[in-house]
Engineer: 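After the C-alpha cells below, expect a handful of questions from me.
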There are 2 protein chains.
Amino acid sequence: MERPKTMPGVNCFECLPRERNEWSVLTGEELKLLAQAKKCRKYHAGESIFAIGEPSHGVYCIVSGGAAIRKIDEVGNSVLLHLVYPGETLGYRGVLLDEERRFGAEALGPSKICFIDRHTVRILLGRNPALGQQFLRRVVTDVDDAHDKLVRNATLSNRTKFVHLLLALMNRHGRTATDGSRVMELPLSRRDLASMIGARHETLSRIIGRLEEDGVARFSGRTVCVRHPHSLIDEIRPTLLS
Amino acid sequence: MERPKTMPGVNCFECLPRERNEWSVLTGEELKLLAQAKKCRKYHAGESIFAIGEPSHGVYCIVSGGAAIRKIDEVGNSVLLHLVYPGETLGYRGVLLDEERRFGAEALGPSKICFIDRHTVRILLGRNPALGQQFLRRVVTDVDDAHDKLVRNATLSNRTKFVHLLLALMNRHGRTATDGSRVMELPLSRRDLASMIGARHETLSRIIGRLEEDGVARFSGRTVCVRHPHSLIDEIRPTLLS
DNA sequence: CGCCAGGTTGATTTCGCTCAAGCAATGTGG
DNA sequence: CCACATTGCTTGAGCGAAATCAACCTGGCG
C-alpha cells in the first residue's frame, strides 16, 4: 500500500471534476474543511445512493461514473427522471429544503462518489456566499432542463422523444468509430429507457425495431451503433412547413 | 387625485405579497433601494410581460393577478408550462444565467406586476446573502414541482392529468358555494388547458364531456362547478391493488 | 352583415397500452 | 452437471385512447 487511508477518496484539492462545478469557488481554508468532512466511496453498478423517504443527510458529488434519479409511484411504476455525471452535485433538494428524499438515486455504473454532510454544506454556504450563487446557477439550469423536457413531452411522439434521449446518451457515452459512425454502450435497461420517455417497455422495443428497419441505428444488447449520426439529428428536426 | 405619483406602484414597505416571498429578508436600507428601483404597472388580461428571444432585463414580482409561462415551439405549437401567482417572482432564469428569454410570460387576468432591473437584483444579491438563499429555496421548489409534473406526465392518462390540473386551479381560483360545491372561473382557454396536459384541444373537449357524463363536474363556458369536491380527489387516487 | 376565434362534435386512422406467449442469458440448489 | 426458476427482452393480437381531418356551431366585432 504505497498510498495510505486517503486512498478511496480523492483529495478535494486535486479533484478534477470539482474544478468545473459549484465547489470551484471555495478558498483554500474552505477547501480544507470540505476535504476533511467529505467521505468518498465506491459504488457498484446499480447500488443505491439514497432512497425515497429517508432523511436527507447531505449532498453527493460524483467523481467518476454516474447516477440515476428514480421515482417509484404508489402503484410501483418506476420512472427514471434524470442522469447525473461527474462533477455534478446530487441530492441538494432534500438538504436545502430540509425535507426527506422524494426520489431515489443509484449508481449508473461503477462509480466514485463523495458525500458531504448537510452540516458542512450549511457552514460552507454561510461562509462563502459565492457558493450559494453557484448553486443557484446550477439549480436554475436544472429547472430549465426540466421545463424543456416538459415541453418536449407535451408535443413529441414517443419515437422522437426516444431519439432525443439517444442523442443525449450518445453525447455522454458515445465514441466515434474509425468510419465516422457513433457507438455506445447503453448504461440503462430497456425498461428504464422506456420510463424516461414515458412509454412501456414493449412500446420501446417496437420503436427500436422501427429505427433499425429505417436504418437509423442498430441495437444489439446494450450496444447501439449509429452509422450516420446526422440521421438522428434529422429525426428530431421539426418538419417545418412552407 | 388624493394619492400622488406613487399611485400605480405599491410601496414595497407595505407590500403584502412581499412579506411572504424571497424579498422578505431585505433590511430597511435594502428595501429602500428596492422600492426606488422597482417599477410597478398594471397589465390587462393576456398582455405580454416578456417574450421569447428578448434580453432578460430583470425579474418581475406579481402583486396581484397572475401570469402564465408559455413556450411556442418551432412549428407554432403553444404550450403553457406554469402559472404564477401573487408573491411569486418571475423571470429569474434569464437574469441569473444572463441569457435571453427562452419562454414568454403574459398576464393571466388584469394584474399588477412590479419590475426589478437585473442590476438592482445583482446589487441586492451581493449585499444580502440571505436573499440568495431565499432564491435558492424558491428555485429548488420549482425544480421539484417540475420533476413531479414530469413523473405524472409519464404515468397518467390525459383525463387524470386534467383532473390534477383542475384541482390545482380550483385551489387558486375556486370558491365554495353555500351547498358545499366548489365553483371557479377558468383563467384559461380550452386550448391552453389542453396544452398544459399535453393534449389536443379536441381531446380535452371530449374529456370534459366525459367528466360531465360521469357527474364529476359541470362546465359552462369558463365556469366550472364541482358538486362533490372529493369526487375529483377520488379520481386521482391511484387504484392500489391488494 | 360577414368574418373570425373559440369551441364542440363526428368519422377515421394511428399510436400506444394491455395481455400473453416465447426466448435467451443468468443464476441456483440439488 | 442438470432441472428449474428468474430476469430482461422481443413479438403478436386485440383494444382503447388520442390524434387528425373536417364540419359546424356560437358569440363577438369590424
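Heavy-atom basis, side chains included; hydrogens, waters and symmetry copies ignored. Just so it is clear, the model here is predicted, and its values are computed rather than measured.
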Engineer: Would you give a per-nucleotide map of nucleotides 24-30 of chain D, 5' to 3', where B means the base has a protein non-hydrogen atom under 4.0 Å away, S means only the sugar-phosphate does, and - means neither?
Structural biologist: -------

Engineer: With sequence neighbours excluded, tell me which residues meet salt bridge (charged side-chain N to carboxylate O under 4.0 Å, His left out) with A:Asp117.
Structural biologist: none

Engineer: Identify, with sequence neighbours excluded, every residue that meets side-chain contact (heavy atoms from CB on, under 4.5 Å) alongside A:Arg182.
Structural biologist: A:Met170, A:Thr176, A:Pro229

Engineer: Give the table of side-chain donor-acceptor pairs shorter than 3.5 Å for residues 214-225 of chain A, with sequence neighbours excluded, one pair per line with atom names and distance.
Structural biologist:
{"from": "A:Asp214", "atom 1": "OD2", "to": "A:Arg159", "atom 2": "NH1", "distance (Å)": "2.9"}
{"from": "A:Asp214", "atom 1": "OD2", "to": "A:Arg159", "atom 2": "NH2", "distance (Å)": "2.9"}
{"from": "A:Thr223", "atom 1": "OG1", "to": "A:Glu185", "atom 2": "OE1", "distance (Å)": "3.1"}
{"from": "A:Thr223", "atom 1": "OG1", "to": "A:Glu185", "atom 2": "OE2", "distance (Å)": "3.4"}

Engineer: Write out all pairs satisfying salt bridge (Lys or Arg N to Asp or Glu O under 4.0 Å) with one or both partners inside residues 188-198 of chain A, taking only residues at least two apart or from two chains.
Structural biologist: A:Arg70-A:Asp192

Engineer: Is a salt bridge present between B:Glu74 and A:Arg237, judged by a nitrogen-to-oxygen distance below 4.0 Å?
Structural biologist: no

Engineer: Strictly under 3.5 Å: I want the nitrogen or oxygen pairs between protein and nucleotides 5-7 of chain C, one per line.
Structural biologist:
{"from": "C:dG7", "atom 1": "OP1", "to": "B:Arg190", "atom 2": "N", "distance (Å)": "3.2"}
{"from": "C:dG7", "atom 1": "OP2", "to": "B:Arg190", "atom 2": "N", "distance (Å)": "3.3"}

Engineer: Could you give the side-chain donor-acceptor pairs of residues 82-89 of chain A under 3.5 Å, partners two or more places apart or in another chain?
Structural biologist:
{"from": "A:Tyr85", "atom 1": "OH", "to": "A:His173", "atom 2": "NE2", "distance (Å)": "2.7"}
{"from": "A:Glu88", "atom 1": "OE2", "to": "A:Tyr85", "atom 2": "N", "distance (Å)": "3.1"}
{"from": "A:Thr89", "atom 1": "OG1", "to": "A:Glu22", "atom 2": "OE1", "distance (Å)": "2.6"}
{"from": "A:Thr89", "atom 1": "OG1", "to": "A:Trp23", "atom 2": "NE1", "distance (Å)": "3.2"}

Engineer: Round to the nearest Å and state the distance from A:Leu193 atom CG to D:dT10 atom C1'.
Structural biologist: 15 Å

Engineer: Could you list all N or O pairs between the protein and nucleotides 11-16 of chain C that sit under 3.5 Å apart?
Structural biologist:
{"from": "C:dA11", "atom 1": "N6", "to": "B:Arg206", "atom 2": "NH2", "distance (Å)": "3.2"}
{"from": "C:dG16", "atom 1": "OP1", "to": "A:Asn158", "atom 2": "N", "distance (Å)": "3.1"}

Engineer: Taking salt bridge (charged side-chain N to carboxylate O under 4.0 Å, His left out) as the definition, give me every residue that meets it alongside A:Asp145, ordered by chain and number, with sequence neighbours left out.
Structural biologist: none

Engineer: In whole Å, what is the span from the CG atom of A:Leu204 to the C1' atom of D:dT10?
Structural biologist: 11 Å

Engineer: Side-chain donor-acceptor contacts of residues 201-211 of chain A below 3.5 Å, not counting sequence neighbours, with atom names and distances?
Structural biologist:
none

Engineer: Could you tell me which residues satisfy side-chain contact (heavy atoms from CB on, under 4.5 Å) with A:Arg20, sequence neighbours excluded, listed by chain and number?
Structural biologist: none

Engineer: Can you tell me how far C1' of D:dC9 sits from CG of A:Leu211, to the nearest Å?
Structural biologist: 16 Å

Engineer: What is the distance, rounded to the nearest whole Å, between atom CD of A:Glu202 and atom C1' of D:dC15?
Structural biologist: 14 Å

Engineer: Considering only residues two or more places apart or on different chains, which pairs with a residue in residues 53-64 of chain B satisfy side chain to side chain donor-acceptor pair (under 3.5 Å)?
Structural biologist: none

